[in-house]
Amino acid sequence: MAEVVLTALLVLTVLGATDITAPVGFAGLPIGLVLTLIHLVGIPVTNTSVNPARSVGPALFVGGWALSQLWLFILAPLIGAALAAAVYMVMRPPEVVISARQAEQALESQQVERERREPRP
């Protein structure tokens, strides 16, 4: 459960920090802070992974019991990532999509507005 929740937190942070509406250039800060927090909380609980690739290498070297638990460290992050994606889609405001015709009309009204403010010589 801890791997699912911690991975979901990380993926949710990445999705939010890299969204088109997020400030440009600051994604690394929240992602790094959350990853640090995840490891501070998760290492005492499960020797946290939140990345299946990080679990495979040590399990192959240790063998035995580590290989028998490897499925959990592969499946849990996938479930956590899917959960985070679903939560993010619910939390994110819907995108406003306008047709080309609406965009052209908006452009015309803006042009008329500019002409009223700044008459041409």
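Small disclaimer: the values here were computed from a predicted structure and weren't measured.
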Participant: Just verifying a value: how many Å separate Met1 CE and Thr46 OG1, rounded to the nearest 0.5 Å?
Facilitator: 13.0 Å
Participant: Which pair of heavy atoms, one from His39 and one from Pro44, lies closest together, and at what distance?
Facilitator: O-CD, 4.3 Å
Participant: State plainly whether one hydrophobic cluster holds both Leu67 and Val56, where clusters connect Ile, Leu, Val, Met, Phe, Trp and Tyr through side-chain heavy atoms under 4.5 angstrom apart.
Facilitator: yes
Participant: Mind checking the CG-CG spacing from Leu35 to Leu40? Nearest 0.5 Å is all I need.
Facilitator: 10.0 Å
Participant: What are the two closest non-hydrogen atoms of Leu10 and Val34, and how far apart are they?
Facilitator: CA-CG1, 4.1 Å
Participant: Give, for atom CD1 of Ile38 and atom OG1 of Thr13, the distance between the pair rounded to the nearest 0.5 Å.
Facilitator: 6.5 Å
Participant: Specify the closest pair of heavy atoms between Arg92 and Ile20, including all atoms of both residues, with the distance to one decimal.
Facilitator: NH2-CG2, 3.9 Å
Participant: If hydrophobic clusters are built from ILVMFWY residues whose side chains come within less than 4.5 Å, do Leu83 and Val5 share one?
Facilitator: no
Participant: Take Asp19 and Leu15 through the side chain to side chain contact (heavy atoms under 4.5 Å, CB included) test and state the conclusion after the steps.
Facilitator: CA-CA 6 Å; Asp19 189 73; Leu15 290 172; over 6 Å; no
Participant: In terms of hydrophobic clustering (I, L, V, M, F, W, Y; side-chain heavy atoms under 4.5 Å; direct or indirect links), are Leu78 and Trp71 co-clustered?
Facilitator: no
Participant: Where is the tightest heavy-atom contact between Ile74 and Pro77, given as atom of each residue plus distance?
Facilitator: O-CD, 3.6 Å
Participant: Can you name the closest pair of heavy atoms from Ala27 and Ala17 and give their distance?
Facilitator: CB-O, 3.6 Å
Participant: Could you go through the side chain to side chain contact (heavy atoms under 4.5 Å, CB included) check for Ser55 and Leu70 one step at a time?
Facilitator: CA-CA 7 Å; Ser55 299; Leu70 185 59; 4.0 Å; yes
Participant: Where is the tightest heavy-atom contact between Val4 and Ala76, given as atom of each residue plus distance?
Facilitator: CG2-O, 3.6 Å
Participant: For Leu33, run the side-chain contact (heavy atoms from CB on, under 4.5 Å) check against Thr36, Leu29, Leu37 and tell me which one passes.
Facilitator: Leu29
